[in-house]
Chemist: 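Below you will find the structure I want to go over with you.
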Protein chains: 2
Amino acid sequence: MDARKSIRAKSGTNLGGASAHNRRIMIDALRINGALSRADLARATGLTPQTVSNIIEELARDGLVQSQASVRKGRGQPATPYHLVPDGAFAIGLQIDRHVTRTVIVNLVGDVLVQTESKLPSGGPAEGVLVILDIVGKACETLMAQFPHAAGKLVGLGLAMPGPFGINELYDDPWMMTAWQNFPLAERIAEGTGLEVALQNDASAAATAERLLGAAHGLDHVVCIYLGYGLGAGLILNGEIYGGAYSNAGEIGMMLALAPGDDANVEPLEHYTSMASLCNVLGIDPSDPRLFALVTDAVADGGPAVERWINNAADRLRRTVQMLESIFDPQTTILCGGAPQALIDRLIERMGPLMPSIADRAQRYPEPRLQAGLADPWSVALGAAAEPIARAFDPRFSAILKTP
Amino acid sequence: MDARKSIRAKSGTNLGGASAHNRRIMIDALRINGALSRADLARATGLTPQTVSNIIEELARDGLVQSQASVRKGRGQPATPYHLVPDGAFAIGLQIDRHVTRTVIVNLVGDVLVQTESKLPSGGPAEGVLVILDIVGKACETLMAQFPHAAGKLVGLGLAMPGPFGINELYDDPWMMTAWQNFPLAERIAEGTGLEVALQNDASAAATAERLLGAAHGLDHVVCIYLGYGLGAGLILNGEIYGGAYSNAGEIGMMLALAPGDDANVEPLEHYTSMASLCNVLGIDPSDPRLFALVTDAVADGGPAVERWINNAADRLRRTVQMLESIFDPQTTILCGGAPQALIDRLIERMGPLMPSIADRAQRYPEPRLQAGLADPWSVALGAAAEPIARAFDPRFSAILKTP
DNA sequence: TGTATTAAATCAATTGTCTTGACTTATTTC
DNA sequence: GAAATAAGTCAAGACAATTGATTTAATACA
């Protein structure tokens, strides 16, 4: 920063910016609609057929799209549809959770190609980052064995961790992973791998996964409540993940909202409504590698402790959904998580009937007010991997701006 | 919509879109920074000096910017700063509230030029719209008397009403203005005036006003809690007002959040925390034209009923702020409203100390966690008027898209 | 006082992307 | 088999930003 008073302004754009936008528009249209002919794309995007033709040709040269057999649909020359080439790009997703790290590698369309899991390295992040770099390196080798041409097509690494970030001096809470959250992990991984690394919280990553492959596919206004070790919300607003001013948006687990019978000194929501609290109630060690199976069994058995927990959690989530609907007016709310499907389903069942809210309209859109999303311990890693793909290929305001 | 299966895609762009974006970028930079030379603009926007020169010349031709006296600042040729021409554009703001309608006309920089107030026409919207059209027409005449050249520079009319919109069959609540909310008022005004009309809820309009002239100026992530007849939140996310999927985002007055001592059957937040509830407690008729003065006096006198109300409202707002901070991670939260300044200040005072949240960080940005915004019965009308200005001149994703 | 230096702003030619309008190709309809 | 319809291409043109040289006007320094 030089001495002159700093001037704040957004970036302008140029022909390159417009072109980049149009490329992304094409890829986005193909991702949402499956396969489209050049004429379809021209109609859908408002561009001229010639422009579409040029861009498609360029994308085909780059190995991002591919033609398929032409289809006759009435009069006129048959259309040649194009679809995204799955192996057109790859990205790595890395999830750091309280007890495990998970790595996945996905392709352009979100297929998982490599998948590894290990315990969170003990000894803290300073040493642990070396272990993690090793894990990432091994995953890349596995990928290269399958797809030798993948080297130049790795668009980045998405890192997902429980939030919040950057405020740890105030909250030294055993529910948080202070050491890892304070460590410049993204920078160190970027140095170690040479890849672009983006950090987001686990709920945002889960929401990205929902948007790519799950219930939020093709929707632009969705709240994803993520039930993991903690509790968070991934916010899809105007078709993009919203991170807030300091990447901590959606930390609903830290809300101090009351339920009937609570006194004023209520604890954060995630102390009642999270896998961690359920483990607490059930006496399960959350670092147990069989965690998922143990919880699944406990939910299936359904003892009184489980029932009590589900009732309490469902009651709080019911209020949370009403609150989030009032605030966001979303197309739908999704309950997802690194939790067994049975648990998600039980919670949704117990959350009904939902409370009245502005989302409770007579002629509802096709989407229900509340629905189950991906209930998969891998969805956060998957969403983390989807982030670099989205960053590289999705239409967004920042992609239009001039690149120096 | 034709018979073929509908294809969803975003719009592409072209040179015109890029150019339109750059024009907006310039105006935005001048609005935020006051006055800048072409060289300053080039540096700030990343565009070349030549491009900036061309665009500034064009803007000057359109009467939107104007040069001022050149300033010597060290070596080299003195810079010629440009600033926005206040009379470069005009817009009308129309607020429909439970008991009054307010009309303002503002110019490009947000100065209020015309200002009228009258009772909400009785007899419902079908007849009332004619009265309103007449009011708007009169306001325009007043403007033309002052600025004869304003005719072609009227960019639109912003309409602000209490929300929510479109769900009234479910909530026939005396706190809402069902008849007006169900009437296609925006369309009718558009027909009657020939202007572009945009509808938003009053809290969003208030937030727009804060962004243009108030505490949110230059900030991109702000939650504005609007205390009016009802209670709402205007959401500034990524520098734009967020309206949700169906323009009802921010209806926090309808949240069913508990405070200590509430039972499960709690009423919506705005039944405790709004000017309407205060009037209720004080026995003031909210349709009294002296409302503002009456409330101001009552707050100054500070009887036990007022104190009780303030304590209750402050307690609920304190929780609401903690909740909104956890959800949005904003740069700041603003409490504003069509309420007396003294009331806003008293509430903020009583809301302290704020509850712990992710916004409670040690090294805080310049902005405080919570601050008072515009406390002015005119701010909603002003924000409504600012909306067409923003739509016409602010950089935004949709402005880049190709215009057919 | 005179020359070098620095910065703002402009001129003229160039580049890159989309657009336009005519044209080709392939299929159905009558 | 001719007309109609639709997909897709070709080649020239339009438009906005870029580039590099140039002009203008101030300060710095000898």
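Just so it is clear: chains get the letters A, B, ... in the order the sequence lines come, proteins before strands, and each one is counted from 1.
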Chemist: Would you give a per-nucleotide map of nucleotides 21-30 of chain D, 5' to 3', where B means the base has a protein non-hydrogen atom under 4.0 Å away, S means only the sugar-phosphate does, and - means neither?
Modeler: ---BBBBS--
Chemist: Are B/Arg43 and C/dA8 close enough that a side-chain N or O sits under 4.0 Å from OP1 or OP2?
Modeler: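 The answer is yes; a side-chain N or O of B/Arg43 sits under 4.0 Å from OP1 or OP2.
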Chemist: Under 4.0 Å, heavy atom to any atom of DNA chain D: which of residues 47-57 of chain A qualify?
Modeler: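 Contacting residues: A/Gln50, A/Ser53.
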Chemist: Using heavy-atom distances to pick each residue's nearest nucleotide on DNA chain D, tell me which of A/Ala79 and B/Gly16 is more 5'.
Modeler: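 Nearer the 5' end of the strand: A/Ala79.
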Chemist: In whole angstrom, give the distance that lies between atom CD1 of A/Ile400 and atom P of C/dC18.
Modeler: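 Checked: the CD1 to P distance equals 13 Å.
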Chemist: Could you state the OH-P distance from B/Tyr82 to C/dA8, rounded to the nearest angstrom?
Modeler: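 Whole-Å distance recorded here is 14 Å.
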Chemist: Rounding to a whole Å, what distance do you find between A/Lys402:NZ and D/dA17:P?
Modeler: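 In whole Å, D/dA17 P lies 10 Å from A/Lys402 NZ.
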Chemist: Going by side-chain hydrogen bond (donor to acceptor under 3.5 Å, both in side chains), name the residues that satisfy it together with B/Asp220, two or more places apart in sequence or in a different chain.
Modeler: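 Partners of B/Asp220 under the side-chain hydrogen bond (donor to acceptor under 3.5 Å, both in side chains) test: none.
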Chemist: Tell me: CG of B/Leu36 to P of C/dA8, nearest whole Å?
Modeler: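 Answer to the nearest Å: 12 Å.
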Chemist: With side chains defined as the heavy atoms from C-beta onward, is the minimum distance between B/Lys10 and A/Thr45 less than 4.5 Å?
Modeler: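 No, too far: nothing below the 4.5 Å cut-off.
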Chemist: Just to confirm, is there a sub-4.0 Å distance from OP1 or OP2 of C/dT19 to any side-chain nitrogen or oxygen of B/Asn14?
Modeler: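 Checking B/Asn14 against C/dT19: at least one side-chain N or O falls below 4.0 Å of OP1 or OP2.
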Chemist: The side chain of B/Leu15 is closest to which nucleotide in this list: C/dT17, D/dA7, C/dT10?
Modeler: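 Given the options C/dT17, D/dA7, C/dT10, the side chain of B/Leu15 is closest to C/dT17.
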Chemist: Could you go step by step and tell me if B/Arg24 and B/Asp394 meet the salt bridge (charged side-chain N to carboxylate O under 4.0 Å, His left out) rule?
Modeler: CA-CA 5 Å; B/Arg24 286 167 183 258; B/Asp394 280 3; over 6 Å; no
Chemist: Check the pair B/Asp28, A/Arg8 against salt bridge (charged side-chain N to carboxylate O under 4.0 Å, His left out), reporting the backbone distance first and the verdict last.
Modeler: CA-CA 10 Å; B/Asp28 188 51; A/Arg8 299 192 310 109; over 6 Å; no
Chemist: Is any side-chain heavy atom of A/Leu64 closer than 4.5 Å to a side-chain heavy atom of A/Phe393?
Modeler: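 In short, these two side chains touch, coming nearer than 4.5 Å.
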Chemist: B/Leu41 versus B/Tyr82: any side-chain heavy-atom pair under 4.5 Å?
Modeler: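 No, side chains not in contact.
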Chemist: Do B/Phe328 and A/Phe328 have ring centres separated by under 6.0 Å?
Modeler: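 Centroid distance B/Phe328-A/Phe328: below 6.0 Å, so yes.
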Chemist: Whole angstroms only, please: what is the CG-C1' distance between A/Leu41 and D/dA6?
Modeler: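 After rounding, the gap between these two atoms is 16 Å.
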Chemist: Measuring only between side-chain heavy atoms, which start at C-beta, is B/Val109 closer than 4.5 Å to B/Pro86?
Modeler: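 A side-chain contact exists here, since the closest heavy-atom pair is under 4.5 Å.
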Chemist: Does A/Lys153 come within less than 4.0 Å of A/Asp62, counting only side-chain N to carboxylate O?
Modeler: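 So A/Lys153 does not pair with A/Asp62 through a salt bridge.
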Chemist: Considering just the side-chain nitrogens and oxygens of B/Thr80, establish if one lies under 4.0 Å of OP1 or OP2 belonging to C/dA8.
Modeler: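 Result: no.
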